[in-house]
Amino acid sequence: MDPRRLECLHALGLPAWAPRPGAILPGAPEAWRVPAVPAEAPAQPAVDDAAGLDWEALEARVSACTLCPLHAGRTRTVFGVGNRRADLLVIGEAPGAEEDRRGEPFVGRAGKLLDAMLLALGHDRSEVYIANVVKCRPPQNRDPRPEEAASCAPYLDRQVALLQPRVILAVGRVAAQRLLDTEAPVGRLRGRIHSYGPAETPLVVTWHPAYLLRRPEAKAEAWRDLVLAAEAAGAGR
Ligand code: URA
């Protein structure tokens with residue numbers, strides 16, 4: 001189009017047409033360039049750098065966290081409990097209703113079974129450390145979403161770094177898959193020793209106690225996994 005005609009249209013406040021963002025008309029002043037629309041940034045999980053925090057600062061950071069939508073539905077955060085010098089770190093999935101009320105992991109029915117399994121191994125729950133992949137309860141006890149687990153990952157990683165456990169026991173699919181960055185099912189991951197993180201901490205996968213409540217016949221396999229974890233802890237001494 002003739003630039004003079006365009007100039008008249010412009011002076012009258014009339015659009016000639018809607019040019020592409022970033023386009024410049026032949027002969028038109030540079031100022032007429034249609035501003036380019038910034039490309040939408042790819043969705044990224046909100047994460048917090050928890051490196052360097054001590055236990056108290058980390059727990060305070062977690063309890064104030066609003067990085068993912070799970071914070072809106074929580075009664076309280078469920079940071080983790082136990083001996084901060086423990087050899088064994090048990091990592092589950094996420095708090096359920098009872099854990100959300102009490103602020104402590106594994107206190108419901110599944111937790112009672114976990115306690116019994118630990119006792120069979122010779123450990124009271126106060127002697128080990130117990131945490132979850134995510135620190136807030138997902139609604140209707142659904143699985144945590146990958147971006148929710150990603151938001152919480154620096155907190156769990158800092159817990160592992162502070163604790164320096166001899167072995168990690170990942171209970172259930174969500175914990176195992178998140179910690180090992182895999183989509184393989186528990187049945188294929190259990191029964192052997194993996195390694196986790198920069199410290200290459202030995203990691204053993206086992207069935208989630210909630211699964212064992214539904215399928216008690218899998219308890220024998222879970223017991224073998226616990227013995228394997230105990231051996232892996234002993235091997236590091
Ligand atoms: N299931 C988990 O994985 N974690 C809890 O804290 C309770 C139930």
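Numbering of ligands and ligand atoms starts at 1, following listing order.
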For Glu200, the side chain to side chain donor-acceptor pair (under 3.5 Å) test, sequence neighbours excluded, returns none
Within the 4.0 Å heavy-atom shell around Pro105, which atoms of ligand 1 are there? 6 (O)
Is it the case that the ring center of Tyr129 lies less than 6.0 angstrom away from the ring center of Trp55? yes
Who's the nearest protein heavy-atom neighbour of atom 4 (N) of ligand 1, and how far? Asn132 OD1, 2.8 Å
Does Leu156 belong to the same Ile/Leu/Val/Met/Phe/Trp/Tyr cluster as Leu53, with side-chain heavy atoms less than 4.5 Å apart forming each link? yes
Honestly, for Glu99 the part within reach of ligand 1 (heavy atoms, under 4.0 Å) is side chain
Could you list which atoms of ligand 1 come closer than 4.0 Å to a heavy atom of Ala94? 1 (N), 2 (C), 3 (O), 4 (N), 5 (C), 6 (O), 7 (C), 8 (C)
Checking Val134, Thr77, Asn132, Val62 against Cys152 for side chain to side chain contact (heavy atoms under 4.5 Å, CB included), the one that qualifies is Val134
Quick one: which ligand 1 atoms are inside 4.0 Å of a heavy atom on Gly92? 3 (O)
Glu104 heavy atom under 4.0 Å from ligand 1: no
For Gln164, give me all partners under side chain to side chain donor-acceptor pair (under 3.5 Å), at least two apart in sequence or on another chain. none
Between Leu121 and Ala230 the two heavy atoms that sit nearest each other are CD1-CB, 4.1 Å
Distance from atom 3 (O) of ligand 1 to nearest protein heavy atom, with residue and atom: Glu93 N, 2.7 Å
Nearest neighbour in protein (non-hydrogen) for atom 1 (N) of ligand 1: His208 NE2, 3.2 Å
